[in-house]
Amino acid sequence: MRLAITGANGLIGGEAVAQAAGVHQVLALGRGPCRLPPGPYRYQAVDLADGAATEAALLASGAEAVLHAGALTDVDACERDPALAWRVNAGGTAAVARACAALGARLLALSTDYVFAGTAGPYAEGDAPAPRGAYAASKLGGEAAALALAPGCAVGRVAVVYGGRPGARGTFAGQVLARLARGEPVPAFEDQLVSTTLASAGAARCLELLLTLRHRGVIHLADAGVVSRVDFARRLAVRFGLDAGLVVPVRLAEAAARAGLLAWRPPRPGLVVGLAARLLRNAPLTLDEALDRLRAERGGRAA
Ligand SMILES: NC(=O)c1ccc[n+]([C@@H]2O[C@H](COP(=O)([O-])OP(=O)(O)OC[C@H]3O[C@@H](n4cnc5c(N)ncnc54)[C@H](OP(=O)(O)O)[C@@H]3O)[C@@H](O)[C@H]2O)c1
């Protein structure tokens, strides 16, 4: 199958390229130069902020299925430049969806638990979105565009993505492991409960949903359960044989104010993933299963 993957240099996009290349005819679309290891895929740089170029690249590819994983995911950068956030996350998704409609290609567009108010999570697919902040609003705009413009499209929401692939951007889990490996203390929010998504597992769910199921509409594709950031950091420490005592609980509001973070961080986001558990062979993992897999992916190395 001809499969196009946007956000190919990213956490989920990169894992999806690695899993699909060689099985399908993969066009990896990313920003700037390719940061993926070489493989049986074709790479093309395209700026999602340029809707016409994005649409043209997809149309020329003749894709039969598109995993849209590209997005401006830095919530503080989105707050600094909401117009750019909207152009990339809503406008870029609209361009991808228009191309899919023209090609008759199936689309899975990725989104986020941030579309919800984030005060009463975890949230199910049927709960009403109430985005707060530029990132959240632009991602909800992307969801609406995908669902309106690409017939039969699916929107897959994930949360707190992490992984071990070199070249992808830094993550909370990566920072925790690096600091613990250096014997440094790690501050972590004690009052933020999140869902998490191991990038490789999330990518496998995305590909299964996109390529083998006909699911339409929104589906939550994170791993199972919710966990405080403190517990997440401690469980990472334990899994990698590091000192969990170095994890320092901090309060979300105080730490965010001290660090001058621009974007609001929700205390209780998170996603209910029962639908994915029922539909997918690659069911959402428990945190312990995901951390075992992360450890294997990193060859047991924390840093
Ligand atoms: N990361 C999370 O914790 C998280 C949480 C909830 C939902 N999500 C959603 O999950 C999906 C996948 O994200 P991810 O976790 O894989 O994040 P990621 O690692 O930040 O990947 C996003 C990719 O999009 C690319 N991108 C950004 N702006 C672009 C532009 N103007 N043109 C082309 N590409 C551009 C980035 O390029 P560069 O690599 O060059 O920056 C990056 O490779 C996104 O829809 C995201 O909103 C992510």
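For this chain, numbers begin at 1 and follow the sequence in order. Side-chain atoms are counted along with the backbone in the values below, which use heavy atoms only and exclude waters and symmetry mates. On a predicted model such as this, the values are computed, not experimentally measured, just so you know. Order of appearance sets the numbers: ligands from 1, and atoms from 1 within every ligand.
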Backbone N or O of [Y] within a donor-acceptor pair of the [X] side chain at under 3.5 Å?
X: D191; Y: R251; value: no
X: Q19; Y: S200; value: yes
X: H220; Y: A159; value: no
X: N9; Y: G30; value: no
X: R295; Y: F240; value: no

Below 3.5 Å, N or O to N or O, backbone or side chain included: is there any such pair between [X] and ligand 1?
X: L110; value: yes
X: T112; value: no
X: L11; value: yes
X: A159; value: no
X: D113; value: no
X: G10; value: yes
X: I12; value: yes

> Within a reach of under 6.0 Å around CZ of R169, are more than 12 heavy atoms found that belong to other residues, nucleotides or ligands?
Replying inline: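 Buried by this count: over 12 neighbours within 6.0 Å.
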> Does CZ belonging to R301 count more than 12 external heavy atoms closer than 6.0 Å?
Replying inline: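 12 or below, so no.
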> Is a salt bridge present between K139 and D113, judged by a nitrogen-to-oxygen distance below 4.0 Å?
Replying inline: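 Looking at D113 together with K139, the answer is no, because their closest N to O distance does not fall below 4.0 Å.
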>> Assess whether a salt bridge exists between R239 and D292, defined as any Lys/Arg side-chain N lying under 4.0 Å from an Asp/Glu carboxylate O.
In response: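 Salt bridge between R239 and D292, a charged N being under 4.0 Å from a carboxylate O: yes.
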> With a 4.5 Å heavy-atom cut-off, do D47 and R31 have their side chains touching?
Replying inline: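 Of all side-chain heavy-atom pairs linking R31 with D47, none is under 4.5 Å.
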Heavy-atom contacts under 4.0 Å between [X] and ligand 1: side chain, backbone, both, or neither?
X: F172; value: neither
X: V88; value: side chain
X: R35; value: side chain
X: K139; value: side chain
X: V46; value: backbone
X: S111; value: backbone
X: L48; value: both

>> To check your reading of the model: name the closest protein heavy atom to atom 1 (N) of ligand 1, its residue, and the distance in Å.
In response: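 For atom 1 (N) of ligand 1, the nearest protein heavy atom comes out as R169 NH2, 2.6 Å.
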> Would you call Y162 a ligand 1 contact, heavy-atom distance under 4.0 Å?
Replying inline: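 Not so, Y162 does not reach ligand 1.
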> Applying a strict 4.0 Å limit to heavy atoms, is A69 in contact with ligand 1?
Replying inline: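 The answer is yes, since A69 has a heavy atom less than 4.0 Å from ligand 1.
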> Evaluating non-hydrogen atoms only, which member of G202, G70, A71, G14 is closest to atom 36 (C) of ligand 1?
Replying inline: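 That would be A71.
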>> Restricting to non-hydrogen atoms, name the atom on F232 and the atom on V227 that form the minimum distance, rounded to 0.1 Å.
In response: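 That would be N-CG2, 3.7 Å.
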